[in-house]
Amino acid sequence: QVQLVESGGGLVQAGGSLRLSCAASGRTFSSYAMGWFRQRPGKEREFVAAINWSGDSTDYVDSVKGRFTTTRDNAKNTVYLQMNSLKPEDTAVYYCAAELTKGLPGRWKSRFDYWGQGTQVTVSS
């Protein structure tokens with residue numbers, strides 16, 4: 001069992017930055033690939049970024065490439081999402097998720113085994 005807790009959301013002006021954190025419980029964090037998803041108002045939850053178990057392989061949706069970076073610290077059982085050059089369309093609830101795999105996880109919600117409760121990110125224009 002893995003419990004995930006996101007933090008770091010908030011209100012920021014367009015062009016600003018936020019760093020989300022996702023802290024995981026348990027001693028097997030390094031066995032999991034991690035993903036970030038977001039759910040914008042009135043939309044389905046969508047893939048944003050993912051990172052493999054060691055942190056040396058990542059994947060991003062095109063709309064955030066070059067602006068968002070995901071990293072992880074296995075010693076701290078934490079994965080991060082650094083979000084720069086934020087746009088109003090990035091406004092959403094952001095979720096982290098864990099998939100029991102050594103490789104990069106897929107982009108499909110159904111592949112992930114555990115989810116956090118989400119953190120709200122609001123970007124004002």
Side-chain angles (χ1 to χ4, degrees):
Q1 186 80 4
V2 175
Q3 291 185 323
L4 304 174
V5 179
E6 300 99 336
S7 61
L11 174 64
V12 64
Q13 288 189 330
S17 298
L18 283 174
R19 188 176 81 155
L20 305 184
S21 299
C22 172
S25 64
R27 295 176 293 176
T28 59
F29 178 67
S30 61
S31 298
Y32 289 83
M34 301 298 295
W36 289 95
F37 289 76
R38 67 186 178 188
Q39 189 161 13
R40 292 183 275 192
K43 302 289 188 180
E44 294 286 323
R45 194 173 298 187
E46 63 180 358
F47 171 81
V48 175
I51 188 166
N52 73 334
W53 75 278
S54 63
D56 62 3
S57 186
T58 54
D59 183 27
Y60 300 93
V61 70
D62 285 349
S63 59
V64 308
K65 280 181 181 176
R67 301 189 298 123
F68 290 12
T69 303
T70 186
T71 57
R72 66 190 295 162
D73 185 339
N74 287 341
K76 295 182 178 180
N77 281 12
T78 302
V79 63
Y80 304 96
L81 184 68
Q82 178 67 43
M83 305 185 295
N84 298 328
S85 301
L86 282 161
K87 304 175 181 180
E89 52 264 41
D90 294 318
T91 294
V93 178
Y94 283 73
Y95 299 88
C96 66
E99 181 186 349
L100 186 59
T101 180
K102 288 291 189 179
L104 269 179
R107 296 183 171 195
W108 302 273
K109 298 186 294 290
S110 60
R111 296 203 41 165
F112 288 82
D113 304 297
Y114 301 100
W115 291 84
Q117 84 289 350
T119 186
Q120 176 70 47
V121 171
T122 303
V123 184
S124 63
S125 57

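The distance from the OG atom of Ser63 to the NZ atom of Lys87 is 8.0 Å, given to the nearest 0.5 Å. We find the NZ-CD distance between Lys109 and Glu44 to be 5.5 Å, quoted to the nearest 0.5 Å. Rounding to the nearest 0.5 angstrom, the gap separating the CG atom in Leu4 from the CE atom in Met34 is 5.0 Å. Separation of atoms CG (Asn84) and CZ (Arg19) is listed at 11.5 Å; rounding is to 0.5 Å. For the atom pair CG (Asp73) and OG (Ser30), the distance works out to 11.5 Å, reported to the nearest 0.5 Å. Taken to the nearest 0.5 Å, the OG1 atom of Thr71 stands 8.0 Å off from the CD atom of Gln82.
At distances below 3.5 Å, at least one donor-acceptor pair connects side-chain atoms of Thr78 with backbone N or O atoms of Lys76. At distances below 3.5 Å, at least one donor-acceptor pair connects side-chain atoms of Tyr60 with backbone N or O atoms of Thr70. Arg72 places a side-chain N or O within 3.5 Å of a backbone atom of Asn52 that can act as its donor or acceptor partner. Judged by distance alone, with hydrogens and angles left aside, the side-chain atoms of Asn74 form a donor-acceptor pair with the main-chain N or O of Trp53 at under 3.5 Å. Proximity of a side-chain donor or acceptor of Thr119 to a complementary backbone N or O of Glu6 within less than 3.5 Å is not detected.
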Derivation of the side chain to side chain contact (heavy atoms under 4.5 Å, CB included) call for Gln120 and Thr91: CA-CA 8 Å; Gln120 176 70 47; Thr91 294; 4.0 Å; yes
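Minimum interatomic distance between Ser17 and Ser85 (heavy atoms only, all atoms of both residues): OG-N, 4.3 Å. Of all heavy-atom pairs between Ala33 and Gly103, the closest is CB-O, 3.3 Å. Minimum interatomic distance between Tyr32 and Ala98 (heavy atoms only, all atoms of both residues): CD2-CB, 3.7 Å. The heavy-atom pair separating Ala97 from Phe112 by the smallest distance is CB-CD2, 3.5 Å.
Applying the salt bridge (Lys or Arg N to Asp or Glu O under 4.0 Å) test to pairs two or more places apart or on separate chains, those with a residue in residues 32-41 are Arg38-Glu46, Arg38-Asp90, Arg40-Glu46.
Within 6.0 Å of atom CD in Gln3, 12 or fewer heavy atoms from other residues, nucleotides or ligands are found, so the atom counts as exposed in its surroundings.
In this structure, Tyr80 is not a member of the same hydrophobic cluster as Val12, with clusters built from ILVMFWY side-chain heavy atoms closer than 4.5 Å. Clustering ILVMFWY residues whenever any of their side-chain heavy atoms sit less than 4.5 angstrom apart, transitively, puts Val123 in the very cluster that holds Leu81. In this structure, Leu104 is not a member of the same hydrophobic cluster as Leu100, with clusters built from ILVMFWY side-chain heavy atoms closer than 4.5 Å.
The aromatic rings of Tyr94 and Phe68 sit tilted relative to each other, their planes meeting at an angle between 30° and 60°.
Under the side-chain contact (heavy atoms from CB on, under 4.5 Å) rule, Ile51 has a single partner from Asp59, Thr69, Val79, Asp56, which is Val79.
Note that Arg45 lies outside the cation-pi zone of Phe37, set by a 6.0 Å cut-off to the ring centre and a 45° limit from the axis.
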